[in-house]
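Below is one structure, written out as structure tokens, with a few remarks after it.
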Amino acid sequence: MTSADGSSRRSAGTAGRRSSRAAELAALDEEVSRCRLCPRLVAWREEVAATKRAAFRDEEYWGRPVPGFGAADARILILGLAPAAHGGNRTGRIFTGDRSGDVLFAALHRAGLANQPTSVSRDDGLHLSDVRIAAAVRCAPPDNKPTPVERDTCAPWLHREVTLLRPTLRVVIALGAFAWAAWWPTLSTVYGVKPPVPRPKFGHGAVFLPEGGAGSSSRGPALLGSYHVSQQNTFTGRLTPAMLDDVLSQARHLAGLD
């Protein structure tokens, strides 16, 4: 076998695994979108989809759980809280069609992880490189506050998603304290790693590195904390574009993308 032959076979094998993982993620996304396990969330998301916001009265709302979005071979997972009532719950794509998404995707574009700085609909041509985005809770909750029971009921979707991403996943960015807290059961379930006691405190720029180094495939990915890209944070200056850029830059470095 020549070196070229070996390289071609390895490339074909990698492409095949990526294609298989993409198909499995697509199947998982379809399952997520049909979930009706939380009565309060089902009622709320469907009520919002029926009544709509005046600015979107001519649009058909998604009104279902919102699956993850992005690369099947992602090295970075961005984990949020839940879809926005008139954002992801309207468009069917996480962080799409609201001010939070405007901030996040602009930053991903600056970091070279998205092909465009905006995300307005599921068919707008947006493509993410090395990144997947998901929410700890997949349905829009009233007042943006899921209950503990709803959080725990939704957790298996995240566990299954991370299991599929595990071969390439090296970094998780938790947007806010809720996502930070949601990561520890995922670490335990998917990687079999007992979370540290006491658990590291959330904060913007907080870092947790697994034993064995950043991105250890057996011990779990590195965990970075960032303030959520909510209007409450971005409009008040608690989270600035420069602060978000710094987190993404660190994530790129830890993921081996520099």
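Residue numbers run from 1 in the order of the sequence given.
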May I ask you to test the L244-S226 pair for a side-chain heavy-atom distance under 4.5 Å?
yes
task: Side-chain contact test, heavy atoms from C-beta onward, threshold under 4.5 Å: evaluate it for L187 versus V172 and give yes or no.
output: no
Checklist line | Heavy-atom check, side chain of Y227 versus side chain of T234, under 4.5 Å | finding: no
Exercise. Could you check if a side-chain atom of L175 sits within less than 4.5 angstrom of a side-chain atom of F95, using non-hydrogen atoms only?
Key: yes
One should read off an interatomic distance between R238 CZ and Q232 CD, to the nearest 0.5 angstrom, of 8.0 Å
Between D29 and the options R122, R132, R160, the salt bridge (Lys or Arg N to Asp or Glu O under 4.0 Å) test singles out R132
For residues 33-51, the salt bridge (charged side-chain N to carboxylate O under 4.0 Å, His left out) pairs (sequence neighbours left out) are E30-R34, R36-E46, R40-E150
Those residues at least two apart in sequence (or on a different chain) that pass salt bridge (charged side-chain N to carboxylate O under 4.0 Å, His left out) with E59 are R90
- Report yes or no: do L254 and I133 belong to one cluster of Ile/Leu/Val/Met/Phe/Trp/Tyr joined by side chain heavy-atom distances under 4.5 Å? yes
To the nearest 0.5 Å, atom CG of L79 lies from atom CD1 of I173 at 10.5 Å
*Answer with yes or no whether the hydrophobic clustering places V103 together with V131; edges join I, L, V, M, F, W, Y residues whose side-chain heavy atoms lie under 4.5 Å apart.*
yes
Closest non-hydrogen contact found for L25 with A72 is CD1-CA, 3.6 Å
Can you confirm whether more than 12 heavy atoms, excluding those of H159, are under 6.0 Å from its NE2 atom? yes
F69 meets the ring-ring contact (aromatic ring centres under 6.0 Å, His included) criterion, sequence neighbours left out, with none
Distance col, row F208:CZ vs R199:CZ, nearest 0.5 angstrom, shows 10.5 Å
Interatomic distance, CG@L104 vs CG@L248, rounded to 0.5 Å, equals 7.5 Å
In this structure, OG of S20 is separated from CD of E24 (nearest 0.5 Å) by 4.5 Å
Smallest heavy-atom separation, Y191 atom then R219 atom, equals CD2-C, 4.3 Å
query: Hey, mind stepping through C35 and R138 against side-chain contact (heavy atoms from CB on, under 4.5 Å) and telling me if it holds?
result: CA-CA 9 Å; C35 183; R138 305 303 169 106; over 6 Å; no
In one Ile/Leu/Val/Met/Phe/Trp/Tyr side-chain cluster, 4.5 Å: L158, L41:
no
Side-chain heavy-atom pair V120, T91 within 4.5 angstrom cut-off
no
**Request:** Could you tell me whether a side-chain N or O of N115 sits under 3.5 Å from a main-chain N or O of H127, the two making a donor and an acceptor?
**Result:** yes
Heavy-atom closest pair (A140 atom, N89 atom, distance to 0.1 Å) is CB-CB, 4.0 Å
Sidechain-backbone polar pair: W44 side chain, C139 backbone, donor-acceptor under 3.5 Å: no
Distance col, row R21:CZ vs L28:CG, nearest 0.5 angstrom, shows 13.5 Å
Under the side-chain contact (heavy atoms from CB on, under 4.5 Å) criterion, do Q250 and V171 qualify, and how do the steps go? CA-CA 10 Å; Q250 186 173 14; V171 180; over 6 Å; no
Contacts of R252 meeting salt bridge (charged side-chain N to carboxylate O under 4.0 Å, His left out) (sequence neighbours excluded), chain-then-number -> D258
**Request:** Salt-bridge test for D98 and R53: reply yes if a basic N is under 4.0 Å from a carboxylate O, no otherwise.
**Result:** no
Criterion side-chain contact (heavy atoms from CB on, under 4.5 Å) on T118 and D124, from CA distance to verdict: CA-CA 9 Å; T118 59; D124 61 5; 5.6 Å; no
(Q) Check whether T163 reaches the backbone of V190 with its side chain - one donor and one acceptor, N or O, closer than 3.5 Å. (A) no
Please check this pair: side chain of T96 against backbone of G92, looking for a donor-acceptor N/O pair closer than 3.5 Å. no
In short, N233 meets H228 closest at the heavy-atom pair ND2-O, 2.9 Å
Residues pairing under salt bridge (charged side-chain N to carboxylate O under 4.0 Å, His left out) where one sits in residues 99-115, two or more places apart or in two chains, turn out to be R110-D245
The complete set of side chain to side chain donor-acceptor pair (under 3.5 Å) pairs with one or both residues in residues 64-86, sequence neighbours excluded, reads R18-D73, Y61-H86
Worksheet entry | Heavy-atom neighbours of E31 CD exceed 12 at 6.0 Å | yes
Partner of P221 under side-chain contact (heavy atoms from CB on, under 4.5 Å), picked from L169, L165, I76, is L169
(Q) For residues V48 and V42: do they belong to one hydrophobic cluster (side chain heavy atoms under 4.5 Å, members Ile, Leu, Val, Met, Phe, Trp, Tyr)? (A) no
Taking every heavy atom of P65 against every heavy atom of S33, the minimum-distance pair comes out as CD-O, 3.3 Å
- Message: Do F202 and W184 land in one hydrophobic cluster if side-chain heavy atoms of ILVMFWY residues count as linked below 4.5 Å?
- Response: yes
All heavy atoms of A134 vs all of E161, minimum pair found to be CB-OE1, 3.6 Å
